[in-house]
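Note sheet for the following structure.
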Amino acid sequence: MCSSAPCSASTGCSKKRWRPLTAEVAARVQDHPIVQCLLTIPGVSLITAATIDAYLGDPRRFRGPKQVKRDAGLDPSVYQSGQRNRRGRTSKHGCTALRAALIEAAQTTVRWGDGPLGSLPTAPEEEGSLRERGGGGGAAVGHRLANDAYGRALSR
């Protein structure tokens, strides 16, 4: 049985602790139109949709999906010196929870999804989908997912 001490995942203790919380979140967001709309995106679960909605807030406060990606820290870092401009890795400046929710949904989509997000190649010159090549590219799919989430949330 579960006690106040941490237990291993093999005992099923974590599922017993998370089920009531998931049920409470489901009850609170069941009539929320943006969460219901986000649930139609492949790879987005109830908790992920509620997290995206909570951190995204009113989607009209953003001018476009580029600002959503910037708010989540999914925009590329830019290195400039004189005439040189170089884009680097993801900046990771912004809301960590929103970025984590988008990346988690993106990784789920890449791993299990058969939709348009799961078949997104990481670069135009590469052949095959991310799923066929064994995953990866969570940030690339996260960009597409942020665009999709913004568009769906704005349409509600």
Side-chain angles (χ1 to χ4, degrees), residues 2 6-77 87-123 126 128-156:
C2 292
C7 55
S8 67
S10 63
T11 62
C13 217
S14 61
K15 288 184 180 178
K16 290 179 184 177
R17 290 180 181 170
W18 285 102
R19 280 190 186 132
L21 295 173
T22 304
E24 184 177 336
V25 170
R28 289 182 183 224
V29 299
Q30 75 182 28
D31 295 330
H32 200 283
I34 293 178
V35 172
Q36 296 304 318
C37 192
L38 290 173
L39 284 172
T40 63
I41 300 172
V44 176
S45 67
L46 175 70
I47 299 297
T48 304
T51 303
I52 291 170
D53 178 54
Y55 284 101
L56 194 61
D58 183 11
R60 293 175 295 192
R61 70 186 177 112
F62 299 103
R63 288 184 301 187
K66 191 179 223 179
Q67 282 71 35
V68 173
K69 291 183 275 191
R70 184 171 294 138
D71 191 53
L74 287 172
D75 59 327
S77 56
R87 293 182 183 268
R89 296 179 174 205
T90 304
S91 71
K92 297 184 182 177
H93 291 204
C95 181
T96 306
L98 179 58
R99 181 174 56 256
L102 289 169
I103 294 293
E104 179 183 342
Q107 289 172 340
T108 302
T109 301
V110 168
R111 188 169 203 184
W112 305 106
D114 291 326
L117 294 175
S119 62
L120 178 74
T122 55
E126 294 180 7
S129 69
L130 290 172
R131 185 175 178 198
E132 290 168 354
R133 291 185 284 120
V141 180
H143 280 270
R144 176 84 58 93
L145 201 126
N147 290 344
D148 199 12
Y150 173 75
R152 291 181 192 217
L154 199 59
S155 69
R156 287 288 164 181

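On a predicted model such as this, the values are computed, not experimentally measured, just so you know.
Here the options are Val25, Val29, Ile52, the test is side chain to side chain contact (heavy atoms under 4.5 Å, CB included), and the partner is Val35; only Val29 passes.
Around atom CZ of Arg63, no more than 12 heavy atoms belonging to other residues, nucleotides or ligands sit under 6.0 Å away. No more than 12 heavy-atom neighbours from other residues, nucleotides or ligands sit within 6.0 angstrom of OH on Tyr55.
Within the model, atoms CG of Leu39 and CD1 of Ile34 stand 12.0 Å from one another, a figure rounded to the nearest 0.5 Å. Atom CD1 of Ile103 and atom OG1 of Thr48 lie 12.0 Å apart (nearest 0.5 Å). Atom-to-atom distance recorded for Gln36:CD and Asp53:CG is 10.5 Å, nearest 0.5 angstrom.
Here the shortest heavy-atom pairing between Phe62 and Tyr150 reads O-OH, 3.2 Å.
Under the salt bridge (charged side-chain N to carboxylate O under 4.0 Å, His left out) criterion, Arg60 pairs with Asp58, not counting sequence neighbours. For the side-chain hydrogen bond (donor to acceptor under 3.5 Å, both in side chains) test, no residue two or more places apart in sequence or in another chain qualifies with Thr22. Every residue was checked against the side-chain hydrogen bond (donor to acceptor under 3.5 Å, both in side chains) condition with Asp31, not counting sequence neighbours, and none meets it. With sequence neighbours left out, the side-chain hydrogen bond (donor to acceptor under 3.5 Å, both in side chains) criterion links Gln30 to no other residue.
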Only pairs under 3.5 Å count here: list side-chain donor-acceptor contacts from residues 66-75, not counting sequence neighbours, and write none if there are none.
| from | atom 1 | to | atom 2 | distance (Å) |
| --- | --- | --- | --- | --- |
| Gln67 | OE1 | Gly64 | N | 3.1 |
| Lys69 | NZ | Asn147 | OD1 | 3.4 |
| Asp75 | OD1 | Ser91 | OG | 2.6 |

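For the salt bridge (charged side-chain N to carboxylate O under 4.0 Å, His left out) condition, no pair includes a residue of residues 91-109, sequence neighbours left out.
Side-chain contact check for Ser45 versus Thr108: every heavy-atom pair is 4.5 Å or farther apart.
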